[in-house]
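See structure below.
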Number of protein chains: 2
Amino acid sequence: MQQISEAESRIMEALWRKSPLTPEQVIAAVGPENGWAPATVKTLITRLLKKKAIAGAREADGYCYRPLIARAAYVQSESQGLLDRLFKGEVAPLVAHFAENRRLSSKDVKQLKALIAKIEEDKK
Amino acid sequence: MQQISEAESRIMEALWRKSPLTPEQVIAAVGPENGWAPATVKTLITRLLKKKAIAGAREADGYCYRPLIARAAYVQSESQGLLDRLFKGEVAPLVAHFAENRRLSSKDVKQLKALIAKIEEDKK
DNA sequence: CAGGCCGGATTACATACGTAGTCTCAAATG
DNA sequence: CATTTGAGACTACGTATGTAATCCGGCCTG
């Protein structure tokens, strides 16, 4: 998978959120919130097209873009990359790090508890 | 904190692992394993100096470099950045993602269990 | 048909980054 | 003192990225 830059990933997020989108919709979705001119959005789109991360096609609603990469795959790639770089590829050390630095919210803890319980249940 | 590139972070890791290090030691520590020429390492060092991520000084063992940024701070910044970008700033969704994609090792689960238990114990 | 619109290509410029060589000046050494 | 060594500055070149404008060809509309 070719690298998708942070700016480019914001286009992807818009398309993952709702797809397909017309060029105008993409511009409206990401332009104002990022302070981008339409030309900037168009450039990012062109780069994503070149990277085959999205595809454009004429559809019932007119010309539209849709993602060619699943968000889960992108998220996995980015996350695993960070874990590989900083935590020997494993999840637990990252969680431990947040715990040690008081950056685990009580909400996080509650959800992690439920998650672990579910994982163990699924194992039986 | 100024951005530290991946290549630069490898110099940091060497200094976090063992510090202070002479220029020669840094080159030996990161050069071969990354396929870098000494000039490349020197460039990366110069950039880190400019970013004030490391400092060089004459010491008992000669001229040495030491990190000016704690690994924990760097790790927190990078990790939080990823969580902010992809997981609404929270840890649990990342763990859930790995669980859903069958990317949580049994070792991870075991350690997470212990970690959660410890957190709850520390709360009492 | 002519003009306008639109999507993608192309261009522009600056910074960051990866990789590496060269130069300069100060300190160390013989 | 002269020479060597070494650290950091500077240079080089290509790619990636951020931000944005312009251009070109095809299609649609009046």
Side-chain angles (χ1 to χ4, degrees), chain A residues 1-15 19-68 74 77-78 81 85, chain B residues 1-15 19-68 74 77-78 81 85:
Chain A
M1 182 185 340
Q2 276 195 47
Q3 204 62 15
I4 290 175
S5 73
E6 186 168 336
E8 287 161 359
S9 74
R10 289 171 186 246
I11 306 280
M12 298 304 299
E13 287 285 357
L15 291 171
S19 167
L21 291 177
T22 66
E24 216 175 51
Q25 287 170 329
V26 175
I27 289 172
V30 305
E33 75 182 4
N34 291 291
W36 290 335
T40 302
V41 180
K42 284 177 67 185
T43 300
L44 295 173
I45 287 174
T46 299
R47 286 180 183 167
L48 287 169
L49 285 168
K50 202 162 198 176
K51 292 177 181 179
K52 296 202 191 328
I54 65 174
R58 186 162 299 283
E59 302 186 4
D61 292 334
Y63 197 91
C64 293
Y65 297 114
R66 67 177 63 247
L68 294 180
Y74 173 73
S77 174
E78 293 283 305
R85 272 206 302 131
Chain B
M1 181 182 346
Q2 276 197 51
Q3 203 63 17
I4 290 174
S5 73
E6 185 167 336
E8 287 161 0
S9 75
R10 290 170 186 246
I11 305 280
M12 299 304 299
E13 288 284 357
L15 291 171
S19 167
L21 291 178
T22 66
E24 217 173 52
Q25 286 169 331
V26 175
I27 289 171
V30 304
E33 76 182 6
N34 292 290
W36 290 335
T40 301
V41 179
K42 283 176 65 182
T43 299
L44 295 173
I45 287 174
T46 300
R47 286 181 184 166
L48 286 169
L49 286 168
K50 200 162 199 176
K51 293 177 179 178
K52 296 203 189 332
I54 64 174
R58 184 162 301 283
E59 303 187 3
D61 292 334
Y63 197 92
C64 293
Y65 296 115
R66 66 177 61 245
L68 294 180
Y74 173 73
S77 174
E78 294 285 304
R85 270 207 302 130

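Being a predicted model, the structure only gives us computed values, none of them experimental. Order of the sequence lines fixes the chain letters, A, B, ..., with proteins taken first and strands second; residue numbering starts at 1 for each chain.
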Practice task
Could you check B/R66 against B/E59 for side chain to side chain contact (heavy atoms under 4.5 Å, CB included), going step by step and ending with a plain yes or no?
Solution key: CA-CA 11 Å; B/R66 66 177 61 245; B/E59 303 187 3; 3.0 Å; yes

Rounded to whole Å, please give me the gap between [atom1] in [X] and [atom2] in [N].
| X | N | atom1 | atom2 | answer |
| --- | --- | --- | --- | --- |
| A/R10 | D/dG18 | CZ | P | 9 Å |
| B/Y63 | C/dT29 | OH | P | 17 Å |
| B/E59 | D/dG6 | CD | P | 18 Å |
| B/I27 | C/dG21 | CD1 | C1' | 14 Å |
| A/L48 | C/dG7 | CG | P | 16 Å |
| A/I11 | D/dG18 | CD1 | C1' | 12 Å |
| A/R58 | D/dC27 | CZ | P | 8 Å |
| A/I45 | D/dT17 | CD1 | C1' | 17 Å |

Handout entry: Side-chain donor/acceptor of B/S77 to backbone N/O of B/Y74, under 3.5 Å
Key =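 Between the backbone of B/Y74 and the side chain of B/S77 there is no qualifying donor-acceptor contact (under 3.5 Å).
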
Practice task
Hey, could you give me the CD1/CG distance between A/I11 and A/N34, rounded to the nearest 0.5 Å?
Solution key: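 With rounding to 0.5 Å, CD1 (A/I11) is 8.0 Å from CG (A/N34).
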
Exercise for the section: Could you tell me the separation between the NZ atom of B/K51 and the CD atom of B/Q3, rounded to the nearest 0.5 Å? Expected result: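 Taking NZ in B/K51 and CD in B/Q3, the distance rounds to 7.5 Å.
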
Practice task
Determine whether B/E33 and B/R10 make a side-chain contact, defined as any pair of heavy atoms from C-beta on separated by less than 4.5 Å.
Solution key: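 Side-chain contact under 4.5 Å: no.
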
Is there any protein nitrogen or oxygen under 3.5 Å from a nitrogen or oxygen in nucleotides 12-19 of chain C, and what are the pairs?
residue, atom, partner, partner atom, Å
C/dC17, OP2, B/K51, NZ, 3.1
C/dG18, OP1, B/A7, N, 3.3
C/dG18, OP2, B/S5, OG, 2.4
C/dG18, N7, B/R47, NH1, 3.2
C/dG18, N7, B/R47, NH2, 3.3
C/dT19, OP2, B/W36, NE1, 2.8
C/dT19, O4, B/R47, NH2, 3.1

Handout entry: Nucleotide nearest B/K42 when distance is taken to its side chain, options D/dA7, C/dG21, C/dG7
Key =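 Of the candidates, D/dA7 comes closest.
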
Practice task
Take A/Y65 and A/L48 through the test side chain to side chain contact (heavy atoms under 4.5 Å, CB included) and record every step on the way to the result.
Solution key: CA-CA 10 Å; A/Y65 297 114; A/L48 287 169; over 6 Å; no

